[in-house]
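Note that this is a predicted model, so its numbers are computed, not measured. Just so it is clear: chains get the letters A, B, ... in the order the sequence lines come, proteins before strands, and each one is counted from 1. Side-chain atoms are counted along with the backbone in the values below, which use heavy atoms only and exclude waters and symmetry mates.
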Amino acid sequence: MKLVVTEKNDAAQKIADLLGATKPKADKVFSTPVYRFDVDGEEWVTIGLRGHILEPDFAPQLVYKKRGGWQGVTAEGEAVPADIPATLARPPFKKKKPFTEDGVELKSWKMEALPYLVYAPIEKLPKEKDIIRSLKNLAKKADSIVIATDFDREGELIGADALACCREVNPTAPVSRARYSAFTKAEIQGAFSNLVAMDEDLAQAGASRQDIDLIWGAVLTRYLTLVKFAGYGNVRSSGRVQTPTLALIVARERERMAFVPEDYWVIRGAFDADATAGPTAGEGPGAFEAGHATARFKSAAAADAAMAAVAGAASARVAAVETKRRTVAAPVPFNTTSLLAAASSEGLSPARTMRLAESLYMDGYISYPRVDNTVYPSSLDLAEVVRTIADNPAYAPYCKELLAKGALTATRGKKETTDHPPIYPTAKATPDDLPPAEYKLYNLVARRFLATLSDPAVVEGTKVSLDVAGEPFVAKGDVLAVPGFRAIYPYGLKKDETLPALAEGATIAFNGATCAKKQTEPPARYSQGKLIQEMEKLGLGTKSTRHAIIERLYQVKYIQNDPIEPSQLGMAVVDALDKFAPHITHPDMTADLEQKMDDIAAGATTREAVVGTSRNLLSQELGELLPHSEDVKEALADAVAADAYVGKCPKCGKDLQIRASQKTKSMFIGCAGWPDCDVTYPLPKGKIESVPEPCPTCGMPQVKVTAFRAKPRTVCIDPACATNQEPDVVVGECPVCKAAGKESKLVARRNPRTLKRSVTCENFDECGTRYPLPQYGALTATDEVCEACGAPMVIVTTARGPWKLCPNFDCPAKEQEEEKKAGARKGGAKRKPAAKKASKR
DNA sequence: GCAAGGTC
């Protein structure tokens, strides 16, 4: 059997369709779709991955010891070398010891661990476990393997990872690589009859990108998060792409802040070509406006002089009429960036547009939405696409016209690649077929496609020069003379500005002028669409990731609103990094990396050398950051405090803030007046964010709580508030008292000081029975009793539905389950925490 | 709890 591995399911299906002598059979291996078919009597199977199936991470079990360096073995079975550079032999810590008895644990987020994290070994861990299982299952039976992932650097890496998985179960089957750049019969058949070898260097280039992104991202993110800790789930991230992108936004904001507006004056006159006097003067069809030939007067005196000159005038002379025709070229085919920019102007954010496009693509309405290409390949039958969408009545007449013209020629953009065709419609859709937002995007794609096959538009521009008592005025009009592509593509079209017919030398009515004082505007903030274009220009991110990067910046609250403005926090982060770790704030880091990756791919250098150099550079910059942590902390403090503010203290009137305990890092609400004011409120578990609205019941501040894997909820911070009162629930008999021959009830209640909820025996002082309960979710009692331990069962209802449980932590049934889970883990490794937990109670 | 890159 021949196994063909592609990057995505869609490609696996297409290749099967193009190579199979008969229709391929769609099958499944576990839950992964595969396609089986015959080629010259040989059995072939294609399987699609889901992009990267392995993910790099720091070897989780590694510890760096004072004596002996890295301890442990990576998951791949390699012993870890102790290759920490000499500069780190004495870490830049004075007060705190960098090492515990056990060494520096890299898994824990500790400042002391960061210098070692820079040099921590990285291994590849499985990410798509289901797919890996299916792939290995097929690879076991394969006589030969063809890697047919996308023909680019990431594709080569994805293929190399897939091959590594195959090799674990099948070390001998011959392997080859198919390189194709379009899903056409000729291209695919050509690729499979000219199979080549895997490009190991190219895959290594991709792997070095992964390593560098992880190392820089993890070290700087952890640094920023730890330097001014603001609670779990409150991460301040940094990365090779997101930080320079944020820096762009911050730089623009700084320009705006530094901008000094200048006054200027604009004079506009009212004219009428028809009326010379009378009550309807200036209102008929002949009325129009014209500005003074000096568009902006720099001084009030000059403007006043011009106004004075025309003050008494009642007529104007038409000094000149010029008409000029100019052609507006039809737009070029959509790639991802231009689609996102066009959709952004129509009010769809890039992230939303990509979700909609993905959905349209999956349902077969548009072609693959992640492309750089802006030139239709010759293999694309343009007329056929036109016929396909002509069934939509809104496009029908235009399509008919296009088809009647004969051979179609399309516009061409500047970027020509062979990855995928530009985005075009692949099926007919009407507003009845799709939800409104999807149709909005489909309509944009379909109209753009038709526009790229259309003639240019011709605009007739008219410029009329007028003379009012010696002062020159100019009126401009633009009329769409030949619609061309504009007949089908109205996006961004200016309204016609028509002027009445005017003859040179004629005298018309002048109905006075107005003078308005204005101010020059600072450079505009980026819209999301503009920012995506700027990122592309600077080489930041890829067509598939730019929208997600911007969304990430919103999520961590570095930026807000659209057009985008940076938050105080975003500005503080960029300033701090720019000062001490400037490499991460500049797009050059990506440009350098691209150059080095080309070198690796060309065999001129190695992944080890490139990643090593990058590690040394990061080590240096971290060496700058660490001694300045107090400065950085201070710079972030104001911004963090602004986000942490929840309301006023009821006792002293100062700010109440979300705070983290220095020792335990647990969250609580404290008064900014501490230590003079000791007001505090407990907080439930989860990510805590402030909300502006006070509690509708008691007027105290509220917070948004997002517990692990739960929906966010808004709660009043005052445990005494009526909204936080829960009735005690009697859940049943206490099994311990019962066994001792006594009778006592178990009652569920919440501790107002810690907010923890538990089931406690009414006779706690004597019997000591107390079981913990989940912190949130409605609680109901049942009549049932746990079979294993006799404790009463309870039902907790959360957003995920009701969940029946035995509250007894030491219930024998639970231990059995733990063992089962531990047994299911690979190698039957015994789990220590289970024993630890038991001893804790 | 980190990044960025694929794809769902």
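Nucleic acid contact for A:Gly51: base, since at least one base atom lies under 4.0 Å from a heavy atom of the residue. At a threshold of 4.0 angstrom between heavy atoms, the contacts of A:Leu220 with the nucleic acid are absent. Among the atoms of the strands shown, none is found under 4.0 Å from any heavy atom of A:Gly155. Nucleic acid contact class of A:Glu55 (heavy atoms, under 4.0 Å, all strands): base. Nucleic acid contact class of A:Thr542 (heavy atoms, under 4.0 Å, all strands): sugar-phosphate only. Using a 4.0 Å heavy-atom criterion, one finds that A:Glu128 contacts the bases of the nucleic acid, with or without backbone contacts as well.
Partners of A:Glu536 by salt bridge (charged side-chain N to carboxylate O under 4.0 Å, His left out), not counting sequence neighbours, listed by chain and number: A:Lys415. Qualifying side-chain hydrogen bond (donor to acceptor under 3.5 Å, both in side chains) partners for A:Lys440, counting only residues two or more places apart in sequence or in other chains: none. Annotation: side chain to side chain contact (heavy atoms under 4.5 Å, CB included) contacts of A:Thr613 (sequence neighbours excluded): none. Residues meeting the ring-ring contact (aromatic ring centres under 6.0 Å, His included) test with A:His52, sequence neighbours left out: none. The ring-ring contact (aromatic ring centres under 6.0 Å, His included) test applied to A:Tyr554 returns no partner, not counting sequence neighbours. Taking the side-chain hydrogen bond (donor to acceptor under 3.5 Å, both in side chains) definition, one finds that A:Glu156 meets it with A:Arg177, sequence neighbours left out. Qualifying side-chain hydrogen bond (donor to acceptor under 3.5 Å, both in side chains) partners for A:Thr426, counting only residues two or more places apart in sequence or in other chains: none. Residues passing the side chain to side chain contact (heavy atoms under 4.5 Å, CB included) test with A:Glu55, sequence neighbours excluded: A:Lys127.
Here B:dC2 presents its P atom at 17 Å from CD1 of A:Ile122, a figure rounded to the nearest Å. Here B:dT7 presents its C1' atom at 12 Å from NZ of A:Lys543, a figure rounded to the nearest Å. For A:Asp372 and B:dG5, the CG to P distance is 12 Å, given to the nearest whole Å. Remark: C1' of B:dG6 and CE of A:Met354 are 12 Å apart, rounded to the nearest angstrom. Atom-to-atom, CG of A:Leu540 to P of B:dA4 comes out at 10 Å; the value is rounded to the nearest Å. Counting to the nearest Å, the C1' atom of B:dA3 and the CD atom of A:Glu551 are 16 Å from each other. A:Leu360 places its CG atom 17 Å from the P atom of B:dT7, with the value rounded to the nearest Å. One atom, CG of A:Leu54, and another, P of B:dA3, lie 20 Å apart when rounded to the nearest Å.
Residue order along DNA chain B, read from the 5' end via each residue's closest nucleotide, puts A:Asn234 first among A:Arg370 and A:Asn234. The residue among A:Lys127 and A:Val556 whose nearest nucleotide of DNA chain B lies closer to the 5′ end is A:Val556.
Within residues 3-16 of chain A, the residues approached by DNA chain B to less than 4.0 Å at the level of any non-hydrogen atom are A:Glu7, A:Lys8, in residue-number order. The stretch residues 237-245 of chain A touches DNA chain B through A:Ser237, A:Ser238, A:Gly239, A:Arg240, A:Val241, A:Gln242, each having a heavy atom within less than 4.0 Å of the strand. DNA chain B is contacted by no residue of residues 571-589 of chain A, taking any non-hydrogen atom closer than 4.0 Å. Annotation: proximity of residues 204-211 of chain A to DNA chain B (heavy atom, distance under 4.0 Å) is found for A:Arg209, A:Gln210, numbered in ascending order.
Taking 4.0 angstrom as the limit, A:Thr225 places none of its side-chain polar atoms (N or O) nearer than this to OP1 or OP2 of B:dG1. OP1 or OP2 of B:dA3 has at least one side-chain nitrogen or oxygen of A:Arg552 nearer than 4.0 Å. Taking 4.0 angstrom as the limit, A:Tyr368 places a side-chain polar atom (N or O) nearer than this to OP1 or OP2 of B:dT7.
Between A:Arg355 and A:Glu551 there is a salt bridge, with a side-chain nitrogen of the basic residue lying less than 4.0 Å from a carboxylate oxygen of the acidic one. Remark: A:Asp592 does not engage A:Lys596 in a salt bridge, criterion side-chain N to carboxylate O under 4.0 Å. The existence of a salt bridge linking A:Asp150 and A:Lys8 is confirmed by a sub-4.0 Å separation between a basic side-chain nitrogen and an acidic carboxylate oxygen.
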Requested in this report: Take A:Phe151 and A:Tyr180, measure what ring-ring contact (aromatic ring centres under 6.0 Å, His included) needs, and give me the verdict at the end.
Outcome: CA-CA 6 Å; A:Phe151 180 20; A:Tyr180 56 89; 8.3 Å; no
Query raised in the report: Going through the distances and angles, do A:Lys579 and A:Asp575 end up as a salt bridge (charged side-chain N to carboxylate O under 4.0 Å, His left out)?
Result: CA-CA 6 Å; A:Lys579 207 162 168 188; A:Asp575 288 350; over 6 Å; no
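Scanning atom types as modelled, no donor and acceptor separated by under 3.5 angstrom connect the side chain of A:Glu154 and the base of B:dA4.
When A:Glu7, A:Glu358, A:Glu154 are each tested for a salt bridge (Lys or Arg N to Asp or Glu O under 4.0 Å) with A:Arg370, only one passes: A:Glu358.
Taking the six-membered ring where the residue is Trp, A:Tyr368 and A:Tyr361 present perpendicular rings, their angle passing 60° and hence far from 30°.
Stacking is found between A:Trp109 and the pyrimidine-like six-membered ring of the B:dG1 base under the 5.5 Å centre-distance and 30° plane-angle cut-offs.
Distance from the side chain of A:Asp213 is smallest to B:dA4 among B:dA4, B:dC2, B:dT7.
Distance check: A:Ile132 CD1 to A:Phe30 CZ gives 13.0 Å after rounding to the nearest 0.5 Å.
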